[in-house]
2 protein chains.
Amino acid sequence: MGLRTGEVARRAGVHVETLRFYERKGILPEPPRRKSGYREYPPETVELVRFVKRAQQLGFSLREIRELLSLREVPEGARARVQSLVEEKLREIEHKIRHLEAMHRALRELLHACRCTGRSARCPIIESLNGCPTCRADGDQEKSLGKKGATRLP
Amino acid sequence: MGLRTGEVARRAGVHVETLRFYERKGILPEPPRRKSGYREYPPETVELVRFVKRAQQLGFSLREIRELLSLREVPEGARARVQSLVEEKLREIEHKIRHLEAMHRALRELLHACRCTGRSARCPIIESLNGCPTCRADGDQEKSLGKKGATRLP
DNA sequence: ATAAGGCCCGTACCTTAGTACGGAGTCAAG
DNA sequence: CTTGACTCCGTACTAAGGTACGGGCCTTAT
């Protein structure tokens, strides 16, 4: 028993075209076909698609998500390379969590104060994401611009 | 002392054009100009722009960020409306944090196992974002599709 | 005072992530 | 055995978030 595009799409909460799109982008593996040409997805595809949508909401691009998913099946040989990649992703996630927590605190603070204190400066919302010591490089960002456009900025 | 576009851009790690773009989108307030027409930004603009970039990395759209920023100055009258908006944002952030934590656990698990256990199913990465009880509605997503395209999906 | 570099503006273009379209073949219920 | 829903494919379009371009004024260091 395999699911057809419409069924997968409905269960995962996306459009049929999105499944084809993900397939083209290498995010969904090409499923087997019946002789009519119809795709027959394994049921776990639904979870897979949901994972993609959630990860997007957390600020990961499709490229990053594909990378993340590729970690499922490691080519047996290349352990170390993958391991450091996973570690990098872990740092990134920790970073995001800390930022979100800071934002959360700021909004709660705002809910209490119910207004920014000063005329202009000292707003807890903005401060929330700027007091992060791990982000405190400043020079990093300036360097990363370098001679304008050397590194892909956003 | 006010900063000019280039200075703000350099310090915040974005392009000058991005500042103009944000201004058009209502994310940066229009700064005062000198008589030459040059913009003179207050120094806290740098923090503001950094906030925007961080928030984007956390999966917020510019529209949402503008909303978030608008909470800084509440029109004095509309408290209750703002308060519920803030509470909604707080829930959303908690949600994101929980998902990221789940993803983090999954990747750590993967780092230990260093391979998905089964041939195909039972992958900790994918399971990480699917076991969330708050997301467990399923019907929600199906309904949200409704009669195809009624609600803006992604 | 003049040249290099910064800034102005509008417009055009780019990438990412889908959405829509339309003609043709497939499937299942009546 | 037909009718309506589903699927196929390629191609075109859209929206968001920038980026680039080019002609024309500022500014400032030499």
Side-chain angles (χ1 to χ4, degrees), chain A residues 1-28 30-41 45 49 51-67 144-154, chain B residues 1-28 30-41 45 49 51-67 144-154:
Chain A
M1 52 92 161
L3 305 175
R4 290 183 322 190
T5 48
E7 191 59 14
V8 172
R10 204 176 50 68
R11 293 200 201 176
V14 301
H15 294 295
V16 170
E17 294 92 335
T18 306
L19 299 178
R20 288 210 305 132
F21 176 73
Y22 286 173
E23 191 175 316
R24 279 205 301 284
K25 291 290 171 178
I27 281 166
L28 291 186
E30 292 192 26
R33 310 278 189 123
R34 33 174 95 177
K35 59 201 74 108
S36 64
Y38 281 26
R39 288 168 180 83
E40 287 227 286
Y41 288 104
T45 306
V49 175
F51 172 86
V52 174
K53 298 314 283 182
R54 300 262 156 79
Q56 279 185 310
Q57 286 165 13
L58 298 172
F60 294 97
S61 68
L62 287 186
R63 173 189 302 274
E64 290 173 310
I65 291 167
R66 191 174 49 208
E67 214 172 86
S144 87
L145 234 67
K147 48 175 182 42
K148 178 165 179 159
T151 332
R152 216 96 203 88
L153 241 195
Chain B
M1 51 89 161
L3 306 175
R4 290 184 321 190
T5 48
E7 192 58 16
V8 172
R10 205 176 49 68
R11 293 200 200 176
V14 302
H15 293 295
V16 171
E17 295 91 335
T18 306
L19 299 178
R20 289 210 305 132
F21 176 72
Y22 285 173
E23 191 176 315
R24 280 204 301 284
K25 292 290 171 178
I27 280 166
L28 290 186
E30 293 193 26
R33 309 279 190 123
R34 31 174 97 174
K35 59 201 74 106
S36 63
Y38 281 26
R39 289 168 179 82
E40 286 228 287
Y41 288 104
T45 307
V49 175
F51 172 86
V52 173
K53 298 314 282 183
R54 301 261 156 80
Q56 279 186 310
Q57 285 165 13
L58 298 173
F60 293 98
S61 68
L62 288 186
R63 173 188 301 276
E64 291 173 308
I65 291 167
R66 191 173 48 206
E67 214 171 86
S144 86
L145 236 68
K147 49 174 180 48
K148 178 165 180 155
T151 332
R152 217 96 200 90
L153 241 196

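Residue numbers begin at 1 in each chain, while the letters A, B, ... track the order of the sequences.
When the C1' atom of dT16(C) is taken as reference, atom CD of Gln57(B) falls 17 Å away, rounded to whole Å. For the pair Arg33(B) CZ and dG6(C) P, the computed distance is 19 Å after rounding to whole Å. Put simply, CD on Glu23(B) is 17 Å from P on dG17(D), counting in whole angstrom units. Computed from coordinates, the Tyr41(B) OH to dC7(C) P distance equals 10 Å when rounded to whole Å. When rounded to the nearest whole Å, the span between CG of Leu19(A) and P of dC9(D) equals 12 Å. Counting to the nearest Å, the P atom of dG6(C) and the CG atom of Leu3(B) are 15 Å from each other. Atom CG of Leu28(A) is separated from atom P of dG18(C) by 11 Å (rounded to the nearest Å). As a whole-Å value, the separation of Lys25(B) NZ from dA16(D) C1' is 7 Å.
Applying the 3.5 Å distance criterion, the base of dG10(C) shares no donor-acceptor pair with the side chain of Arg24(B). Remark: the Tyr22(B) side chain and the dG17(D) base include no donor-acceptor N/O pair separated by less than 3.5 Å. Side-chain atoms of Tyr38(A) and base atoms of dC8(D) include no donor and acceptor less than 3.5 Å apart.
Comparing Lys35(B) and Phe60(B) by the nucleotide of DNA chain D whose heavy atom lies nearest to each, the residue mapping closer to the 5' end is Phe60(B). Each of Arg4(A) and Phe21(A) lies near DNA chain C, and the nucleotide nearest Phe21(A) is the one positioned closer to the 5' end. Residues Arg20(A) and Val16(A) each lie close to DNA chain D; by heavy-atom proximity, the contact nearer the 5' end of the strand is made by Val16(A).
An OP1 or OP2 oxygen of dC8(D) is reached within less than 4.0 angstrom by no side-chain nitrogen or oxygen of Ser36(A). Residue Thr5(B) has a polar side-chain atom (N or O) positioned under 4.0 Å from OP1 or OP2 of dC8(C). In terms of phosphate contacts, Lys53(A) brings a side-chain nitrogen or oxygen within less than 4.0 Å of OP1 or OP2 of dG18(C). At least one side-chain nitrogen or oxygen of Arg39(B) sits closer than 4.0 Å to the OP1 or OP2 atom of dC8(C). For the OP1/OP2 pair of dT19(D) and a distance below 4.0 Å, the side-chain nitrogens and oxygens of Thr18(B) include at least one atom meeting the criterion. Gln56(A) has no side-chain polar atom (N or O) that falls below the 4.0 Å cut-off from OP1 or OP2 of dT16(C).
Annotation: side chain of Leu3(B) is in contact with side chain of Arg11(B) (closest heavy-atom distance under 4.5 Å). For the pair Phe21(A) and Lys25(A), the minimum side-chain heavy-atom distance is below 4.5 Å. The shortest side-chain heavy-atom distance between Leu62(A) and Tyr22(A) falls under the 4.5 Å cut-off.
Closest to the Arg63(A) side chain, of the nucleotides dT16(C), dA16(D), dC9(C), is dT16(C). Taking the side chain of Glu17(A) as heavy atoms from C-beta on, and the options dT19(C), dG18(C), dT19(D), the nearest nucleotide is dT19(C). Across dT19(C), dC8(D), dC27(C), the shortest atom-to-atom separation from the side chain of His15(A) is found for dT19(C).
Taken to the nearest 0.5 Å, the CD atom of Glu23(B) stands 5.0 Å off from the CD atom of Glu30(B).
Applying the side-chain contact (heavy atoms from CB on, under 4.5 Å) test between Val52(A) and each of Ile27(A), Leu28(A), Val14(A) identifies Ile27(A) as the sole match.
A salt bridge links Glu7(A) with Arg10(A): the closest approach of a Lys/Arg side-chain nitrogen to an acidic carboxylate oxygen falls below 4.0 angstrom.
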